Amino acid sequence: MNKTYLRPLSLVFGADAMAMIAAGTAGALGGIPHIAFTHAEKIMRDGKLISRSIHAFTDIKNHPLTDEITKLRDGFAGLSFNRCNIMGIVNVTPDSFSDGGQHEETALAIAHGLALAEQGADILDVGGESTRPGSNEVSIDEERTRIMPVVAALAANHRVSVDTRKGLLMREAAGFGAKIINDVSALKFDAASVAAIVETGLPVVLMHAQGEPRTMQLAPKYQDVVLDVYDWLEERVAGAVTAGIPKSLIAVDPGIGFGKTIHHNLELLRQLSIFHSLGVALLVGLSRKNMVGVLTGEKTAAKRVAGSVGGSVQAAMMGAHILRVHDVKETVDALAVFNAALAPHLVSL
Ligand code: 8Y7
C-alpha cells in the first residue's frame with residue numbers, strides 16, 4: 001500500500017516566521033505562529049520501497065497533511081499551544097526517595113511537585129509505576145496508594161497529569177482533580193482505559209512503545225523507525241477518535257527510550273517535525289534518559305541536566321508543545337533565553 005507523509009523542513013522563527021506565514025510562503029509548525037517551515041519532505045512508502053523528495057511550501061500548501069501540520073491546537077487541559085509547555089516529573093516510587101515509608105514518600109513527592117510548580121512547570125506529571133526499561137509491574141493497590149494522595153494535594157492548585165496505564169486509576173485520579181492522563185501504553189495496556197478517558201473527558205497523552213517495559217530494550221527493531229512510529233501513533237489516534245475522544249484532547253509522543261536504540265532515538269528527534277501532521281499536540285520526554293548519558297558520557301542520571309536541556313531546546317525548535325522534564329528550572333531558563341532570542345515579541349522587557 002502506498003502511503004504519503006510530509007515532514008516539515010527549513011524552519012524560520014519569530015518575526016520572519018510570522019511574515020512568511022502571512023505571505024503564504026511558509027506554514028505554522030504545529031500551529032505555533034512563531035515557528036514556520038518553508039519546505040517539506042514528501043516521503044512515499046510502498047512496502048519496503050521508500051522515496052523522498054523536497055518541495056517548497058507553496059507546492060504543498062493545499063495538501064491535506066499541511067492542514068493538519070498548521071492548524072492551531074487548543075482545548076487540551078486549558079494549555080496554550082502557541083508556545084512550549086513544561087511538564088515536571090513527580091515520581092512516587094520507592095527508588096526515587098528515601099525509605100522512610102509511605103507517609104514520608106507521599107510528603108516528599110508533594111513537596112517536590114510544589115517546588116517544580118514554583119519553578120514554572122505548566123503541568124505536574126505524577127507517576128507511581130516505574131515504566132523505565134527493565135522495570136517490573138506494580139499492583140494496582142500499590143500504585144493507587146502511591147499516587148492518589150499526591151494527585152489530590154497537587155491538583156488543588158496545579159494542573160496535574162497522571163502517568164498510569166490502568167483505567168480504574170485514571171477514573172479515580174479524575175475524581176481527585178487530575179486534568180491529564182499520560183499513558184505510556186497509548187491506551188493499549190488496559191482494555192478499560194479507553195472508556196475511562198471517554199467518560200471522564202480528560203485529555204490523554206498517547207506514547208509509542210515497542211514491547212513491554214521489562215524487555216523492550218533487548219532487541220528493538222523497525223523497518224524505518226520514524227515512519228513505523230508515525231504509523232503506530234496514527235493508528236492509536238484514529239482508534240481513540242473512533243472511540244469518542246476528540247483530537248483536541250489527544251497528544252502524541254514518540255516515546256524516547258521505549259523500545260529504541262540510541263540510533264532510533266536520534267532519528268526520531270532529527271525528524272520530529274513529521275509528527276505534527278498527525279494534527280494533535282506533540283510531547284517529548286528525553287530528560288536524563290540513557291540516550292543523554294551515552295551522548296555525554298555521564299553515567300549518573302541526576303547529572304545529565306545540561307545534556308537534557310540541550311535535547312529539550314532542540315525539541316522546542318521542532319515545535320514540541322510539551323516537554324516532560326525532571327529539571328524544570330533549568331529548562332524554563334533555557335527556553336526563556338532561547339525564546340527571547342528567536343522571537344523577542346514573546347517577552348516583555
Ligand atoms: C516518558 C513518559 C516516562 C516519556 C511520556 C523516564 C512516564 C521514563 N518517560 N511519559 N514516562 N513520555 N509521555 O525516564 O518519554 O522518565 S518514564
Side-chain angles (χ1 to χ4, degrees), residues 76-77 79 85-93 95-96 109 112 116 121-138 143 146-147 150-151 160-166 169-170 173 178 180-189 193 197 202-214 216-217 220 229 232-233 236-237 250-260 262 264-266 268-269 272 275 280-294 298 300-305 307-308 311-312 315 320-328 331:
F76 190 99
L79 290 163
N85 291 268
I86 304 299
M87 172 187 270
I89 300 171
V90 182
N91 281 322
V92 204
T93 44
D95 48 62
S96 321
H112 187 61
L116 296 185
D122 302 287
I123 306 164
L124 300 172
D125 190 41
V126 179
E129 180 198 38
S130 181
T131 39
R132 276 177 306 190
S135 55
N136 288 311
E137 283 189 24
V138 172
E143 191 180 341
R146 288 181 186 174
I147 63 177
V150 180
V151 171
V160 168
S161 76
V162 175
D163 157 23
T164 186
R165 302 182 292 171
K166 300 182 180 99
L169 297 184
M170 293 174 186
I180 298 170
I181 300 299
N182 176 26
D183 183 352
V184 298
S185 84
L187 304 178
K188 269 186 111 124
F189 178 78
S193 61
I197 297 299
L202 287 186
V204 64
V205 179
L206 304 177
M207 194 198 79
H208 173 272
Q210 186 178 85
E212 291 297 314
R214 203 171 51 78
M216 64 192 177
Q217 287 306 107
V229 170
W232 191 96
L233 287 172
R236 297 312 297 159
V237 171
I250 299 173
V252 291
D253 180 342
I256 298 299
F258 282 80
K260 285 140 192 134
I262 185 164
H264 294 143
N265 292 325
L266 290 173
L268 286 165
L269 289 174
L272 192 64
F275 296 103
V280 299
L282 178 59
L283 188 152
V284 176
L286 53 80
S287 186
R288 299 187 185 178
K289 285 186 178 175
N290 184 60
M291 176 192 72
V292 178
V294 172
E298 182 53 70
T300 307
K303 291 186 186 167
R304 296 175 185 159
V305 182
S308 301
S312 283
H321 301 97
I322 305 172
L323 299 173
R324 181 179 180 277
V325 306
H326 297 86
D327 306 291
V328 171
T331 310

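First listed ligand is number 1; within each ligand, the first listed atom is number 1. No experiment lies behind these values; they were computed from the predicted model shown.
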Taking side chain as C-beta onward, heavy atoms only, is Ser161 less than 4.5 Å from Met87?
yes

Between CZ of Arg288 and CZ of Arg304, what distance do you get to the nearest 0.5 Å?
9.5 Å

Partner set under side chain to side chain contact (heavy atoms under 4.5 Å, CB included) for Gln217, not counting sequence neighbours
Pro133

Residues two or more places apart in sequence or in another chain: which of them pass side chain to side chain contact (heavy atoms under 4.5 Å, CB included) with Asn265?
Ile256, Lys260, Met291

Under 4.0 Å from ligand 1, residues with heavy atoms, in chain and number order, are Thr131, Arg132, Asp163, Asn182, Val184, Val205, Met207, Asp253, Phe258, Leu283, Gly285, Lys289, Arg324

Measure the shortest side-chain to side-chain distance between Arg146 and Thr93 over non-hydrogen atoms and say whether it is less than 4.5 angstrom.
yes

Applying side chain to side chain contact (heavy atoms under 4.5 Å, CB included), can you list everything that pairs with Asn290, at least two apart in sequence or on another chain?
Val294

